[in-house]
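Below, each value reflects all heavy atoms present in this structure, side chains not excepted, and no hydrogens, waters or symmetry copies. Lettering of chains follows the sequences in order, A, B, ..., and the numbering in each one begins at 1.
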Amino acid sequence: MKYLDEYRNPEIARQLLDKIRETVTKPWVIMEICGGQTNSIIKNGIDQLLPKEIELVHGPGCPVCVTPLEMIDQAISIAQRQNVIFTSFGDMLRVPGTEKDLLQVKSEGGDIRMVYSPLEALKMARENPDKEVVFFAIGFETTAPGNAMALFQAAREGLNNFSEVVSHVLVPPAMQALLSSPDNRVQAYLAAGHVCTVMGYNEYFPIAEKYKVPITPTGFEPVDILQGILSVVKQLEKGEYTVDNQYARAVSADGNPAAQKIINEVYEICDRKWRGIGEIPRSGMCIKEKYAAYDASKKFNVSHIKAEEPQECISGLILQGLKKPPECPVFGKSCTPEHPLGATMVSGEGACAAYYRYQRFADALKK
Amino acid sequence: MSIDIINSFSCPLPKMDYNTIQLAHGAGGRLSAELIDKIFLPCFGNETLNLLEDQASLEISNNRIAFTTDSFVVNPVFFPGGNIGELAINGTVNDICMSGAEAKYLSVAFILEEGLNIEELHTIVISMKNAIDKAGIQIVTGDTKVVNKGACDKLFINTSGIGVIKEDIHLSAANLQPGDKILLSGTIADHGMAVMTVREGLSFRSKILSDTAALNGLVKDMLSVSKNIRAMRDPTRGGLATTLNELAKSSKVGIHIFQKTIPVREEVNSACEILGIDPLYVANEGKLIAIVPAKAADKILDKMKKNEFGKNACIIGEVTKEHASMVIMENELGVDRVIDVPTGEQLPRIC
């Protein structure tokens, strides 16, 4: 597959590993932001191939994982109503709310449909004028343009039976929040490649400067990730810190202006709770007043629903890179992909789920 | 059923993960296994059923008979490369012949939804006729029921079938021996991805076609060069990964496969990448896995390659003494990982 196979080339990967080994002299803690990168690292065993000096910690970049519990409860409240077709990305359906997940609502008779694009939900709204079609608009900057576009088109067509539950989050404020934490261990970031394709990487220069951390926008294949690691390790070893774009085949400094325009048309920045982390100021996006008629939280009057997270789940510490999944006492025991206690166990992008799938048997393999 | 009869069952209601049936109970993963282990086997279990093969091997008046049943509920009923009718024929033929049996007769039961277009039904029936002709078998009994609109999705089809197992053929998932080779008859994940590309909400244009095919001819060819095949399975629901896990557990051996040897069509691989789906867990409807003694492997492989349904056949790994009951895959970077049984259906990821 063009643009993929060459980035999975084992020979190039081995050469990069050699270069990383030659470069590194001291221990470094590097965080990959995106859950897609976490998944690739664990699946391909990159963490096992790196020299012991390099510790990868897994960041908060799993949109499903950080969607706050109360937004899931709000979504469930809407999805249980008569006359509603509730649409969502697939991996959101299994995320546990306080009492149940959306798939259980479906088994109880709720009309819940999985879509790959919000525009499919829009199509359902056109085809079912007597139903309320609601889309669960979650994600980072990556999914925001499509979600904004669906809402914009609905407004333009006057499709009054379409609305969105919006729980969008922004990456840079979370990166800053982690670096500001007194417990912070992160010394460099592999920035999330897909987010950067939309937003560019100009906004990272002030962060690199202020916190003196190298930031490298990085792709998702083994060669991408190893190039990203090599880039930050070189900087760390020299005491340098800048933004070095590894993912140049998809990312430019300014990102995608058309995508940014549609986001800014429909959404505005707001404070946002992150599951497991708590509220981060100005780290989310909400629907602008101009489009309030398409805001499902208002339309179905669910904004008052609040929820507290279960105590036993340490996903907050995992999303901040302070703990690894196997350090959690309930990992693989009372918390499994069948019965996740926290969202990091649900999504394929979640660090706990990745460890459960790919590393649960690591000890067996060593024997 | 009267209360007395209910009380006469000795099996108490087992503790289950869920109180109601979820779609994942039918996805062939861990929840399906729980349903079988806790609900069905305690009540129905016997020495034949307990083997959990895809078909029962029965001895009736000194003849060995393979007997199997399967229900087909695919949505949508027409998909690129086939429809529910062909699937219902080919699926049951394959379940019969994976025991090494020669498939002979099928039953067909239709559950039709009120309002189903007769022309659609006719199209499906014609493709079933073509499928039985191609497989060289007959439908010898059947049934039709019609249910209220909304009580099923257009139509469901159940097929059962029987075949005859020759005396010198003894295939079983429990037969695997360390050192055996694992043969795969062709590319994986074609069927599951073909269906997914036309599902409501996920549709996108692609050239992916279902691989639905009856494999009885291929099996016959393979058995003609070696009677010592240990086991055969068609990796349908749950995909290659699930089937290999079942084999490893049945024989209490390890299975070691190599990622680079597993063929996946480029367009299928692309669709999997886009949706975040692992092709190892995606359904196939015209592929088989055969576990064979190492010294017979090349001979069987050569024969497979000459059959239209085995052109892309290859050796993907071997059976090991280590890692009993586990499937290990070595990736292209040389790192091993465990290929586990999936929880339920894979859900396309958000981005």
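- Proximity to chain B (any heavy atom under 4.5 Å) is restricted, for A/K106, to the side chain, taken from C-beta onward.
- By the 30° and 60° cut-offs, the orientation of the rings of A/Y247 relative to A/H194 is tilted.
- Between B/D211 and B/R265, none of the side-chain N atoms (NZ, or NE/NH1/NH2) sits under 4.0 Å from a carboxylate O, so this pair counts as no salt bridge.
- For B/N19, the CG atom counts as loosely surrounded, since its 6.0 Å shell holds 12 or fewer non-hydrogen atoms of other residues, nucleotides or ligands.
- Within the 4.5 angstrom heavy-atom criterion, atoms from both the backbone and the side chain of A/Q104 approach chain B.
- Neither the backbone nor the side chain of A/L119 comes within less than 4.5 Å of any heavy atom of chain B.
- With A/Y7 as the aromatic partner, A/R249 meets the cation-pi criteria of under 6.0 angstrom to the ring centre and within 45 degrees of the ring axis.
- Residue contact with chain A, scored on non-hydrogen atoms closer than 4.5 Å, involves the backbone of B/I21 exclusively.
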